[in-house]
Amino acid sequence: MGGPLSPNEKDSTVVVVLGASGDLAFKKTYPALFGLYKNSFLPPNISIVGYARSSIELADFRKRVSSRIKATDQEKSLLEEFLAKCTYVSGKYDDAESFKQLNTAVDKIQSTTLGRKHRVFYMALPPSVFIPASQGLKQHVYAHDGNNRLIVEKPFGKDSESSRELATRLAENWKEDEIYRIDHYLGKEMVKNLMILRFANVFFGAIWNRQYIHNVQITFKEPIGTEGRGGYFDEFGIIRDIMQNHLLQILTIVAMEKPVTLDAEDVRNEKVKVLRAIKPLTASDVLLAQYGRSKDGKEEGYLDDKGVPKDSVTPTYAAAAFYIKNERWDGVPFILKCGKALDQQKTEIRIQFQDVPGNIYPSVMRNELVVRVQPEEAVYMKFANKQPGLSSTAVTSELDLSYARRYKDVKIPDAYESLILDVLNGDKANFVRDDELEAAWKIFTPLLHEIEGKGGAIKPEIYAFGQRAPDGLDAFVAKHGFRRDASYAWSPPKI
Ligand SMILES: NC(=O)C1=CN([C@@H]2O[C@H](COP(=O)(O)OP(=O)(O)OC[C@H]3O[C@@H](n4cnc5c(N)ncnc54)[C@H](OP(=O)(O)O)[C@@H]3O)[C@@H](O)[C@H]2O)C=CC1
Ligand SMILES: O=C1O[C@H](COP(=O)(O)O)[C@@H](O)[C@H](O)[C@H]1O
């Protein structure tokens with residue numbers, strides 16, 4: 001059921017965090033819940049129950065939770081209040097008795113509730129246990145006098161077949177409107193800003209098509225390697241880890257038609273249409289690479305990670321060109337690029353416009369609109385301007401909406417805060433629907449099978465840890481028509 005969970009002061013809500021001993025729970029889930037708590041965004045009568053196999057004393061568990069939360073001196077008492085609402089139950093993910101014990105603990109918390117008893121289950125778990133855990137929850141912990149919401153973390157399968165299998169098994173127990181598939185990039189401020197930029201500005205609306213836009217680049221860069229997550233990563237690779245979900249989701253919002261309303265189903269209907277219009281990728285559409293040691297030898301290469309087989313050909317970098325076969329975008333390349341162990345952290349969307357017809361100022365480059373997702377959130381537009389002074393040369397300059405300067409006192413919420421709030425409010429617009437997933441996997445599955453094909457697979461190019469990009473990238477983007485202006489670089493304001 002949609003809508004806020006606790007419209008009634010007498011209702012209670014329990015959030016159960018499964019995998020509460022894990023990396024995501026400590027790094028993101030609990031800090032996000034505290035962020036909502038301290039700003040009074042959690043519903044009244046809220047409790048949070050951590051659940052995992054590890055046996056952890058409650059005091060130790062609370063210590064671990066608080067160690068990852070940044071609280072100012074003024075927030076210390078709120079943090080204590082929050083921790084008092086956090087409890088922990090130890091149990092297995094495939095065992096009825098364990099889930100019955102979890103249910104007993106949750107029932108006890110909600111035993112004095114006068115209104116309805118809602119439950120939110122956050123599966124911060126490895127995918128291998130998604131299915132048994134979702135079954136156990138439905139059979140033994142489901143609320144019968146209140147709403148239930150199940151939050152599922154990526155990866156949602158490894159290809160079309162495994163994703164369909166996961167969807168079918170989840171659907172045996174959970175209704176689609178109870179399932180919230182998280183892609184945390186949909187909770188990022190600048191990704192949430194995209195629809196407003198596009199649909200609430202008349203000038204962007206008018207030029208948002210193949211007549212004016214030459215190409216779109218969506219880039220994700222990380223300066224860190226797999227850092228002990230090599231075992232997980234090697235099974236998935238960068239295409240499944242970042243491109244098939246985070247970057248493709250951004251692409252759909254950049255490319256979709258205006259939804260009839262902001263209702264979740266209207267928004268997601270438009271996103272699915274874009275995905276269905278993209279032709280499946282082939283090996284000639286992609287550049288694959290894997291990081292080796294840094295040039296100074298200080299940083300280890302991917303194959304040095306303990307969890308990674310010494311002969312792994314799993315890509316840690318990928319660039320791919322997508323073409324959307326519809327009236328608005330026919331012929332416009334959408335180039336998605338993502339990689340680990342690069343020179344910096346950066347996620348951005350770069351829309352490069354067409355050349356000026358009959359241009360009389362050959363020195364200027366194409367206009368670009370850049371949405372800097374992170375860090376240093378900004379929207380800036382590269383455009384031609386007269387060089388101030390006696391010269392009449394046209395030079396590239398920018399109109400710059402840097403958030404650090406324009407919105408000085410605003411704290412940008414973490415993506416998980418924003419998405420957990422959406423779950424509590426029953427707003428599914430920023431969550432992945434089952435048919436979106438199906439259409440997304442259709443685009444990638446043939447390529448992924450080819451990459452991982454028997455007898456050799458596709459060998460990635462090697463780049464040094466800390467490099468700007470693999471050597472082949474500039475030629476790859478140039479082949480798809482992107483023109484780089486090496487003479488110009490935007491830099492965030494120094495505040
Ligand atoms: N970490 C991150 O930054 C991100 C993670 N995710 C996704 O979130 C989910 C959780 O991630 P993360 O917290 O890193 O995962 P972890 O590997 O830390 O696992 C979470 C918990 O699950 C239990 N667990 C681990 N391995 C197994 C296993 N083989 N069988 C049963 N239980 C196991 C452990 O708890 P115990 O043994 O105590 O039961 C562990 O503490 C995953 O689906 C991941 O893809 C998504 C985005 C980012
Ligand atoms: O989903 C994932 O995202 C993180 C990057 O997230 P960000 O919010 O820090 O940009 C990435 O490191 C991880 O490999 C991936 O699984």
Side-chain angles (χ1 to χ4, degrees), residues 16-32 50-56 60-61 64-65 68 88-95 98-99 102 121-134 136 151-158 166 181-191 218-250 302 305 307 314-318 338-342 344-348 372-375 377 412-419 432:
V16 180
V17 181
L18 293 105
S21 59
D23 184 61
L24 183 75
F26 285 124
K27 209 168 67 185
K28 295 289 181 186
T29 319
Y30 279 96
Y51 181 83
R53 296 173 307 180
S54 309
S55 148
I56 313 176
D60 291 337
F61 180 74
R64 278 170 74 176
V65 168
R68 298 303 295 260
Y88 181 80
V89 174
S90 162
K92 297 185 186 141
Y93 303 113
D94 56 356
D95 173 48
S98 296
F99 281 114
L102 173 62
F121 304 102
Y122 192 126
M123 295 211 292
L125 288 170
S128 56
V129 291
F130 282 174
I131 292 171
S134 67
I151 305 178
V152 188
E153 269 289 347
K154 74 173 235 294
F156 313 119
K158 291 182 74 177
L166 175 63
R181 291 180 197 85
I182 279 211
D183 181 316
H184 77 280
Y185 267 62
L186 291 178
K188 294 204 184 256
E189 181 70 20
M190 300 310 281
V191 176
I218 305 174
T219 306
F220 166 97
K221 291 173 114 186
E222 248 183 358
I224 51 170
T226 44
E227 303 208 315
R229 285 178 83 213
Y232 152 83
F233 190 88
D234 201 66
E235 203 188 325
F236 289 89
I238 197 76
I239 295 182
R240 293 187 182 94
D241 194 43
I242 304 288
M243 191 184 279
Q244 183 269 351
N245 35 71
H246 305 328
L247 299 195
L248 192 67
Q249 282 293 330
I250 296 178
Y302 178 64
D305 189 313
T314 299
T316 60
Y317 185 97
C338 47
K340 290 196 172 273
L342 295 168
Q344 60 173 314
Q345 188 204 7
K346 180 170 91 172
T347 302
E348 69 172 29
R372 169 68 82 115
V373 175
Q374 65 182 30
E377 291 85 348
I412 295 185
D414 181 77
Y416 280 92
E417 259 176 67
S418 159
L419 292 174
V432 184

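Both ligands and their constituent atoms are indexed starting at 1 by order of listing. Along the sequence shown, residues are numbered consecutively beginning with 1.
A salt bridge is defined here as a Lys NZ or Arg NE, NH1 or NH2 lying under 4.0 Å from an Asp or Glu carboxylate O, and Lys28 with Asp414 meets this definition. A salt bridge is absent between Asp23 and Arg229; no separation between the charged side-chain nitrogens and carboxylate oxygens falls under 4.0 Å. With respect to Arg372 and Glu377, no salt bridge is recorded, no charged nitrogen being found less than 4.0 Å from a carboxylate O.
Distances between N or O atoms of His184 and those of ligand 2 include at least one value under 3.5 Å. At under 3.5 Å, a nitrogen or oxygen of Gln374, whether backbone or side chain, sits near a nitrogen or oxygen of ligand 2.
Counting atoms of ligand 2 from 1 in the listed order, those under 4.0 Å from a heavy atom of His246 are 1 (O), 2 (C), 3 (O). Ligand-side atoms of ligand 2 in range of Arg229: 13 (C), 14 (O), 16 (O), range being under 4.0 angstrom from any heavy atom. The ligand atoms of ligand 2 that sit less than 4.0 angstrom from a heavy atom of Lys154 are 1 (O), 2 (C), 15 (C), 16 (O). Counting the atoms of ligand 2 from 1 in the order shown, those under 4.0 Å from a heavy atom of Lys188 are 7 (P), 8 (O), 10 (O).
Of the protein's non-hydrogen atoms, Tyr185 OH, 2.4 Å is the one closest to atom 10 (O) of ligand 2. Of the protein's non-hydrogen atoms, Asp241 OD2, 2.6 Å is the one closest to atom 14 (O) of ligand 2. Here the protein heavy atom with the shortest distance to atom 4 (C) of ligand 2 is Glu222 OE2, 4.0 Å.
For Phe99 and Tyr51, the ring centers sit closer than 6.0 Å to each other. Ring to ring, His246 and Phe220 are not that close: their centroids are 6.0 angstrom or more apart.
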Set out, in order, the CA-CA distance, both residues' side-chain angles and the distance that settles side-chain hydrogen bond (donor to acceptor under 3.5 Å, both in side chains) for Gln374 and Lys188, then state yes or no.
CA-CA 9 Å; Gln374 65 182 30; Lys188 294 204 184 256; 2.6 Å; yes
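Checked by atom type, the side-chain pair Asp60/Tyr88 shows no donor-acceptor distance below 3.5 Å. In the model, Gln345 has no side-chain atom that pairs as donor or acceptor with a side-chain atom of Lys221 under 3.5 Å.
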Note every protein N or O atom lying under 3.5 Å from an N or O atom of ligand 1, pairing the names and giving the distance.
unit_1: ligand 1; atom_1: 1 (N); unit_2: Asp23; atom_2: OD2; d: 2.8
unit_1: ligand 1; atom_1: 3 (O); unit_2: Lys27; atom_2: NZ; d: 2.9
unit_1: ligand 1; atom_1: 13 (O); unit_2: Asp23; atom_2: N; d: 3.2
unit_1: ligand 1; atom_1: 13 (O); unit_2: Leu24; atom_2: N; d: 2.7
unit_1: ligand 1; atom_1: 18 (O); unit_2: Asp23; atom_2: N; d: 3.1
unit_1: ligand 1; atom_1: 32 (N); unit_2: Arg53; atom_2: NH2; d: 3.3
unit_1: ligand 1; atom_1: 35 (O); unit_2: Ser21; atom_2: OG; d: 2.8
unit_1: ligand 1; atom_1: 37 (O); unit_2: Arg53; atom_2: NE; d: 3.1
unit_1: ligand 1; atom_1: 37 (O); unit_2: Arg53; atom_2: NH2; d: 2.9
unit_1: ligand 1; atom_1: 38 (O); unit_2: Ser21; atom_2: OG; d: 2.7
unit_1: ligand 1; atom_1: 38 (O); unit_2: Arg53; atom_2: N; d: 3.3
unit_1: ligand 1; atom_1: 38 (O); unit_2: Ser54; atom_2: N; d: 2.9
unit_1: ligand 1; atom_1: 38 (O); unit_2: Ser54; atom_2: OG; d: 2.4
unit_1: ligand 1; atom_1: 39 (O); unit_2: Arg53; atom_2: N; d: 2.7
unit_1: ligand 1; atom_1: 39 (O); unit_2: Arg53; atom_2: NE; d: 3.1
unit_1: ligand 1; atom_1: 39 (O); unit_2: Tyr93; atom_2: OH; d: 2.7
unit_1: ligand 1; atom_1: 41 (O); unit_2: Ser21; atom_2: OG; d: 2.7
unit_1: ligand 1; atom_1: 41 (O); unit_2: Gly22; atom_2: N; d: 3.1
unit_1: ligand 1; atom_1: 43 (O); unit_2: Leu125; atom_2: O; d: 2.7
unit_1: ligand 1; atom_1: 43 (O); unit_2: Lys154; atom_2: O; d: 3.0
unit_1: ligand 1; atom_1: 45 (O); unit_2: Lys154; atom_2: O; d: 2.9

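Between Tyr30 and Arg68 there is no side-chain heavy-atom pair separated by less than 4.5 Å.
Taking all atoms of both residues into account, the shortest heavy-atom contact from Tyr302 to Gly230 is OH-O, 4.3 Å.
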